[in-house]
Protein chains: 2
Amino acid sequence: MPEDNPTTAVKRRVRRGSGRVTLADVARAAGVAQMTASRALNSPETVNPDMVERVRQAVIETGYVPNLLAGALASARSLLVAVIVPSIASTIYLEFVQSLRGALASKGYQVILGESDYEHQLEPALLDALIARRPDAIVTVGAVRSKEGRKRLLASAIPVIETWDMPAQSLDMVVGFSQPAVGRAAAEYLLGEGRRHVAIISANDDRAAMRAQGFLEAVKERDSAARVESVSIAAPSTLGEGRRALADLLSRATPPDAVFCTSDMVALGVLTEAKSRGMKVPQELAVMGYGDMNFAADTDPPLTTIRADGKVIGLQAARLIFERASKDVAERVVDVGFSIVRRASA
Amino acid sequence: MPEDNPTTAVKRRVRRGSGRVTLADVARAAGVAQMTASRALNSPETVNPDMVERVRQAVIETGYVPNLLAGALASARSLLVAVIVPSIASTIYLEFVQSLRGALASKGYQVILGESDYEHQLEPALLDALIARRPDAIVTVGAVRSKEGRKRLLASAIPVIETWDMPAQSLDMVVGFSQPAVGRAAAEYLLGEGRRHVAIISANDDRAAMRAQGFLEAVKERDSAARVESVSIAAPSTLGEGRRALADLLSRATPPDAVFCTSDMVALGVLTEAKSRGMKVPQELAVMGYGDMNFAADTDPPLTTIRADGKVIGLQAARLIFERASKDVAERVVDVGFSIVRRASA
DNA sequence: CTGAAAGCGCTAACAG
DNA sequence: CTGTTAGCGCTTTCAG
């Protein structure tokens, strides 16, 4: 007879806990129900102040540190945000990640890092690994282009923010600016300064390619007969690549009188190479960068560059995440624009 | 009577799941028990191949993505590693974080990012926030100095790896090298090259201070009457800080004939300032950096610097984490050393 | 090798 | 405002 009977008690499947202090321990120590302890910690305004005090005391006594794994599972809110950058080593997105992480941390969110590699398309495996953590949002640098990637993100129902770009078909939310417009602006600036034979040194990643495309189009529009030199370098772009790219350009039949570079680091390489050859910048060669990195104002000569404010992108992305979490209808697209920082090099 | 009786059925507390596909759905689709599905995915070698195949098929059909929050809670293994850097924006640790993240990812671990700020001591709040995620390891850049921080880490029973340093009192595991030894090596190198009036430009963070100390000690040991100039700059160190620091040094009564810089970026600033003043490097001024960043070989002149291989530190840290996880007794201390990369600037 | 039950530590939902 | 109960989705444990 399968009757529950004390003498034929079912064998206990033993499974002891981690041995760590749990919320139940805190509740016991404070002499309240576990749920009250939970509320005292997470929404103290809904609990009698005395109880809150007792619970806080108990937390200190016991050395309790909540288990967010359990909390996230129970509440379906992980307070985790996945951030996918092309490469951790690429300095361009550092301030962005930093400001995003900081803003998120202020509301209890944590950041989990993904790396997509410039070369490979955002791999489904990477995406699945991140989705498996059930982040409350996924932030990607650049638009998600791969069909499979879009599909998985959509299926996951996790809010997505694509950044540093302005995709025609956004997945969900966007915080960025037009990459081709950056290239156009650079071309117009250099041409407007009277340069006649412009060049572009561009890395072979998605966004750099878009800038290059905008640059070339703008030059052609202004003067369909214009010659544009172009050098492609590998990402991540370094000072050395910049030096070699300029050497390449200068070895051509008609050397350029202006160069737009895919990044400030490359521009610094161009500056270095130019100076080592005794060329005068900007007289003989105008040099323009992209990124306005923290050294751009202090190069010799100071670097004219295009500034896209990573800090702002990070902050705006965080804001959208907060709004979405609180069910306020978040905007879907934020164009943070960019600006030309005019210094002496161009 | 509180007897369980069908007609007075207890009211159902409704709590529907997330609506997502769960392992139970997969098991159902595959016609196996949930536990078998779990095993088929996590330890396929323990399951009949046919079953594995059926489960895999079901995963694809259903679009199942595991919920690692639940898995982590149940198994007490989060496959999460917390990495604490002083500042995300500081380029020195980029390769380290990248290689660490990559190595961990290859075994299914993910990285969650913490930032300690150079200025504040590792804050208990940051630590608690990370511990709350129950990471399988915590990796810190630099030794954990604060008493409270050490206490919490110890109490958490989470494996800790302190990196980029060689603390006398390590908390648990260490992968690094002696920071004072770096300073000594730099001093000995410059003095050995015949420099007589050396200077140091040092940021005011923990590790830079240790290098500076080693530098000063070594100089004194060699020649107790030696004069050493010293400039302190704010972290994070930039090219501009380097320029200004050199300007400062040159304005002093007896300008130095050699400078050791807290980072390559600062050294690049020194190079820039020297060149803009028409000084000859290394003839009039030897310049030495620290970090061997990717631009160091391509500056003009190429930068002599001290290389500590962040990539190796990351890899070694990952290895220790794996070993500890598999219960092999992991080593506790790995000294990865450093090397002087001799180039033209000094 | 496969399955059933129990429970990881927390919060949602409901009842008082 | 406080408490009770029932899960969240997975894996451990034990039994077959």
Side-chain angles (χ1 to χ4, degrees), chain A residues 2 4 9-28 30-55 59 62 64-79 131-134, chain B residues 2 4 9-28 30-55 59 62 64-79 131-134:
Chain A
D4 255 272
V10 201
K11 227 157 260 155
R12 272 274 108 77
R13 279 117 208 286
V14 195
R15 191 163 175 203
R16 63 209 174 295
S18 56
R20 292 209 43 149
V21 179
T22 70
L23 189 56
D25 298 323
V26 172
R28 208 168 303 126
V32 301
Q34 178 170 325
M35 197 56 227
T36 303
S38 171
R39 283 194 276 251
L41 297 177
N42 299 320
S43 48
E45 68 282 1
T46 69
V47 175
N48 186 311
D50 309 358
M51 300 245 142
V52 173
E53 192 42 47
R54 268 158 64 194
V55 171
V59 165
T62 56
Y64 173 67
V65 180
N67 183 334
L68 282 181
L69 256 22
L73 179 61
S75 67
R77 289 183 65 222
S78 64
L79 293 178
I131 293 172
R133 301 279 174 191
R134 301 295 188 270
Chain B
D4 256 90
V10 202
K11 227 157 260 157
R12 273 274 107 77
R13 278 117 207 284
V14 196
R15 192 161 173 204
R16 61 207 173 300
S18 58
R20 291 209 46 151
V21 179
T22 70
L23 188 56
D25 298 323
V26 173
R28 209 169 300 127
V32 301
Q34 177 172 323
M35 199 51 231
T36 303
S38 171
R39 283 194 273 251
L41 296 177
N42 299 320
S43 49
E45 68 284 0
T46 67
V47 176
N48 186 312
D50 309 357
M51 300 242 142
V52 173
E53 192 41 47
R54 269 158 64 194
V55 171
V59 165
T62 56
Y64 173 67
V65 180
N67 183 335
L68 252 40
L69 294 172
L73 179 61
S75 67
R77 288 183 66 223
S78 63
L79 292 178
I131 293 172
R133 300 280 175 192
R134 300 295 187 267

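In this structure, B:Ala33 reaches the sugar-phosphate backbone alone: every heavy-atom distance under 4.0 Å involves primed, P, OP1 or OP2 atoms, never a base.
Of the candidates D:dT2, D:dT12, C:dC8, D:dT2 carries the atom nearest the A:Met51 side chain, counting heavy atoms from C-beta on. Closest to the side chain of B:Ser75, from the set D:dT11, C:dC10, C:dC1, is D:dT11. Candidate nucleotides C:dG3, C:dA12, C:dG9 were compared by shortest atom distance to the side chain of B:Val32, and C:dG3 ranks first.
The CG-P distance, from B:Leu73 to D:dG7, rounds to 17 Å in whole Å. Following rounding to the nearest Å, A:Tyr64 (OH) and C:dC10 (P) show an atom-to-atom distance of 3 Å. Rounded to an integer number of Å, the gap from A:Leu41 CG to C:dC10 P is 10 Å. Taking atom CE of residue A:Met35 and atom C1' of nucleotide C:dT11, one finds them 5 Å apart after rounding to whole Å. Between A:Leu23 atom CG and D:dC8 atom C1' there is a gap of 16 Å when expressed in whole angstrom units. Atom pair B:Asn67:CG and C:dC8:P shows a separation of 18 Å (rounding to whole Å applied). The CG atom of B:Leu68 sits 12 Å away from the C1' atom of D:dT11 (whole-angstrom rounding). Spacing between atom CG of A:Leu69 and atom C1' of C:dG7 amounts to 15 Å, rounded to whole angstrom units.
Between C:dT11 and A:Ser38, a contact under 4.0 Å exists linking OP1 or OP2 to a side-chain N or O. Taking only side-chain nitrogens and oxygens, A:Thr36 comes nearer than 4.0 Å to OP1 or OP2 of D:dG3. Under 4.0 angstrom from either OP1 or OP2 of C:dT11 there lies at least one side-chain N or O belonging to A:Asn42.
Residue-to-nucleotide contacts include a donor-acceptor pair under 3.5 Å from the side chain of B:Arg39 to the base of C:dG3.
Residues A:Arg28 and A:Thr62 have side chains not in contact (no heavy-atom distance under 4.5 Å, counting atoms from C-beta outward).
Rounding to the nearest 0.5 angstrom, the gap separating the CG atom in A:Leu73 from the OG atom in A:Ser78 is 11.0 Å. Rounding to the nearest 0.5 angstrom, the gap separating the CZ atom in B:Arg133 from the CG atom in B:Leu69 is 8.5 Å. Taken from OG1 in B:Thr36 to CG in B:Leu23, the straight-line distance is 10.0 Å, to the nearest 0.5 Å. From A:Asp25, atom CG reaches atom CD of A:Gln34 across 9.0 Å, with rounding to the nearest 0.5 Å.
Summary of the strand contacts: B:Glu45 and B:Ala70 both lie near DNA chain C, and taking for each the nucleotide with the nearest heavy atom, the more 5' one is attributed to B:Glu45.
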